[in-house]
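Working notes for the structure below.
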2 protein chains.
Amino acid sequence: MSTTSTDLAVLGALSVEPMSGYALREAIRDVLGQFWSESFGQIYPALASLEAEEFVTRAEGSRPSASLFSITASGRRRLRELVREPLPNRPPRHGALLRLYFGRHLGKAGCLSLIDEVRAEAAAGLATFAAIREEIEADTQHADDAPYWLTTLDLGERSARATVEWADQARRVLGATK
Amino acid sequence: MSTTSTDLAVLGALSVEPMSGYALREAIRDVLGQFWSESFGQIYPALASLEAEEFVTRAEGSRPSASLFSITASGRRRLRELVREPLPNRPPRHGALLRLYFGRHLGKAGCLSLIDEVRAEAAAGLATFAAIREEIEADTQHADDAPYWLTTLDLGERSARATVEWADQARRVLGATK
DNA sequence: CCGGTCATGTAATCGGTTACATGATTCG
DNA sequence: CGAATCATGTAACCGATTACATGACCGG
């Protein structure tokens with residue numbers, strides 16, 4: 001019983017190119033990590049059920065121990081259906097921000113290092129986004145996907161930049177007033 | 001078996017002022033909704049176990065059918081402990097962004113309305129943030145909490161602003177190129 | 001040859017939501 | 001008086017992670 005969310009992520013990724021379950025997870029983590037996540041415990045069952053429904057097929061990959069999954073014609077139809085359906089958002093749980101909100105009980109030094117952590121994460125994201133952007137722009141094979149990928153990426157970059165700017169100001173403000 | 005995350009949210013909120021479980025949930029949703037969420041199914045069991053550990057006490061509220069929970073001295077000590085511990089972040093699942101990433105299969109019109117949805121949500125957030133900010137600035141009772149609250153709020157505002165700006169540009173770019 | 005990565009899959013567990021049951025209170 | 005809101009609590013369910021079991025392949 002895989003969820004339609006996972007099916008969408010899997011079919012979407014396979015619509016770009018055939019790959020293994022393992023590669024699927026890496027692709028989702030690296031490219032969509034800011035907005036989405038899937039674990040093996042969802043991907044493999046999802047692939048099995050999609051295979052049973054003939055939305056994907058399994059072939060032997062480069063190594064005999066690996067499977068290469070490809071999307072079928074009916075899988076593409078299914079993908080077009082799924083992408084039209086609204087998906088539930090998972091309510092956020094940003095631990096650092098909860099702690100910062102009650103920062104009075106944590107003290108100034110603790111809050112500053114909390115802010116630094118958040119900043120470092122965002123800055124790291126900014127670096128990987130730049131790399132991904134270059135990859136997409138260099139990739140002539142998927143020119144019709146590129147505008148959507150770049151648009152999605154752009155939100156990630158803007159959010160990360162906003163976070164870095166926030167951290168820098170928060171450091172100044174909290175450092176001064178207390 | 002409540003999680004330490006929920007305990008932190010509950011004790012933190014009660015450190016501001018005593019309130020009912022119902023009010024607790026509203027407070028968390030309204031003020032921290034951008035970064036955190038708790039449902040009744042977590043709050044009431046958490047309150048019960050915190051009461052058993054004597055971190056909170058229960059008194060009769062304004063109505064006999066309602067309980068008024070207050071944090072105790074040892075509850076404050078517990079809060080200071082909890083706010084020092086790192087909390088796990090829940091991996092994000094932003095449905096609209098997943099769909100937009102595979103927007104080629106959704107088509108231009110669908111993508112634009114997706115972007116509009118995201119924009120509307122962010123714009124609504126911006127409005128509530130402004131209201132909360134005014135409330136905090138007017139509240140002289142909690143002057144020592146205010147810097148932390150405003151700092152947390154500031155990230156929400158910056159993220160929301162970044163999202164609105166992204167949406168406006170995304171609309172232009174996708175509207176033009178395709 | 002050995003450690004790291006690639007690779008598939010399952011079972012246990014868990015964190016959390018939802019739905020349900022129940023009832024008081026307030027307001028129009 | 002009836003509807004909406006305030007209020008507490010539990011049980012069922014579920015989506016998802018984690019840990020585990022297993023093994024091939026590659027590079028140094």
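Small disclaimer: the values here were computed from a predicted structure and weren't measured. Every heavy atom of this structure was used, including side-chain atoms; hydrogens, water molecules and symmetry mates were not. A note on names: the letters A, B, ... follow the listed sequences, proteins ahead of strands, and every chain is numbered from 1.
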Test applied, side-chain contact (heavy atoms from CB on, under 4.5 Å); reference residue, B/Leu50; option that passes from B/Thr72, B/Val56, B/Thr57: B/Val56
The side-chain contact (heavy atoms from CB on, under 4.5 Å) partner of A/Arg25 among A/Asp30, A/Ile43, A/Val10 is A/Ile43
[N] phosphate, OP1 or OP2, under 4.0 Å from [X] side-chain N/O:
X       : N      : value
A/Thr6  : D/dG15 : no
B/Ser37 : C/dT17 : yes
A/Arg93 : C/dG16 : yes

Between the side chains of A/Asp168 and A/Arg172, is the shortest nitrogen-to-carboxylate-oxygen separation below 4.0 Å, so that they form an ion pair? no
Whether A/Glu38 and A/Arg29 form a salt bridge (side-chain N of Lys/Arg under 4.0 Å from carboxylate O of Asp/Glu) is what I want to check. no
Does atom CD (A/Glu121) have a neighbourhood of more than 12 heavy atoms from anything else shown, all under 6.0 Å? no
Taking atom CD as the centre, does B/Glu85 end up with more than 12 heavy-atom neighbours from other residues, nucleotides or ligands that are less than 6.0 angstrom away? yes
Rounded to whole angstroms, how far apart are [atom1] on [X] and [atom2] on [N]?
X       : N      : atom1 : atom2 : result
B/Ile43 : D/dT8  : CD1   : P     : 10 Å
A/Arg90 : C/dG15 : CZ    : C1'   : 11 Å
B/Arg58 : D/dT8  : CZ    : P     : 8 Å
A/Glu60 : C/dT8  : CD    : P     : 12 Å
B/Asn89 : D/dA16 : CG    : P     : 17 Å
B/Tyr44 : C/dT22 : OH    : P     : 17 Å

How far does the helix from C/dC1-D/dG28 to C/dG28-D/dC1 bend, going by the axes of its first and last five pairs, to the nearest 10°? 40°
Under 3.5 Å donor-acceptor pairs involving side-chain atoms of residues 14-23 of chain A, not counting sequence neighbours:
{"residue": "A/Ser15", "atom": "OG", "partner": "A/Gly12", "partner atom": "O", "Å": "2.6"}
{"residue": "A/Ser15", "atom": "OG", "partner": "B/His105", "partner atom": "NE2", "Å": "3.2"}
{"residue": "A/Ser20", "atom": "OG", "partner": "A/Ala23", "partner atom": "N", "Å": "3.0"}

So, with a heavy-atom separation below 4.0 Å from DNA chain C, the residues of residues 18-32 of chain B are none
Validate the cation-pi geometry between A/Arg93 and B/Phe35: distance from NZ or CZ to the six-membered ring centre under 6.0 Å, angle to the ring axis within 45°. no
Let me spell it out: for each of A/Ser5 and B/Ala48, pick the nucleotide of DNA chain D with the closest heavy atom. Which residue's pick is nearer the 5' end? B/Ala48
Report yes if the side chains of B/Leu68 and B/Glu60 come closer than 4.5 Å at any heavy-atom pair, otherwise no. no
Could you write nucleotides 18-28 of chain D as a row of B, S and -, 5' to 3', where a protein heavy atom under 4.0 Å of any base atom gives B, of only sugar-phosphate atoms gives S, and otherwise -? B-----SS---
Contacts of A/Arg171 meeting salt bridge (charged side-chain N to carboxylate O under 4.0 Å, His left out) (sequence neighbours excluded), chain-then-number -> A/Asp116
Among residues at least two apart in sequence or on other chains, which ones pass salt bridge (charged side-chain N to carboxylate O under 4.0 Å, His left out) with A/Asp139? none
Between D/dG9, C/dT8, C/dG15, which nucleotide gets closest to the side-chain atoms of B/Thr3? C/dG15
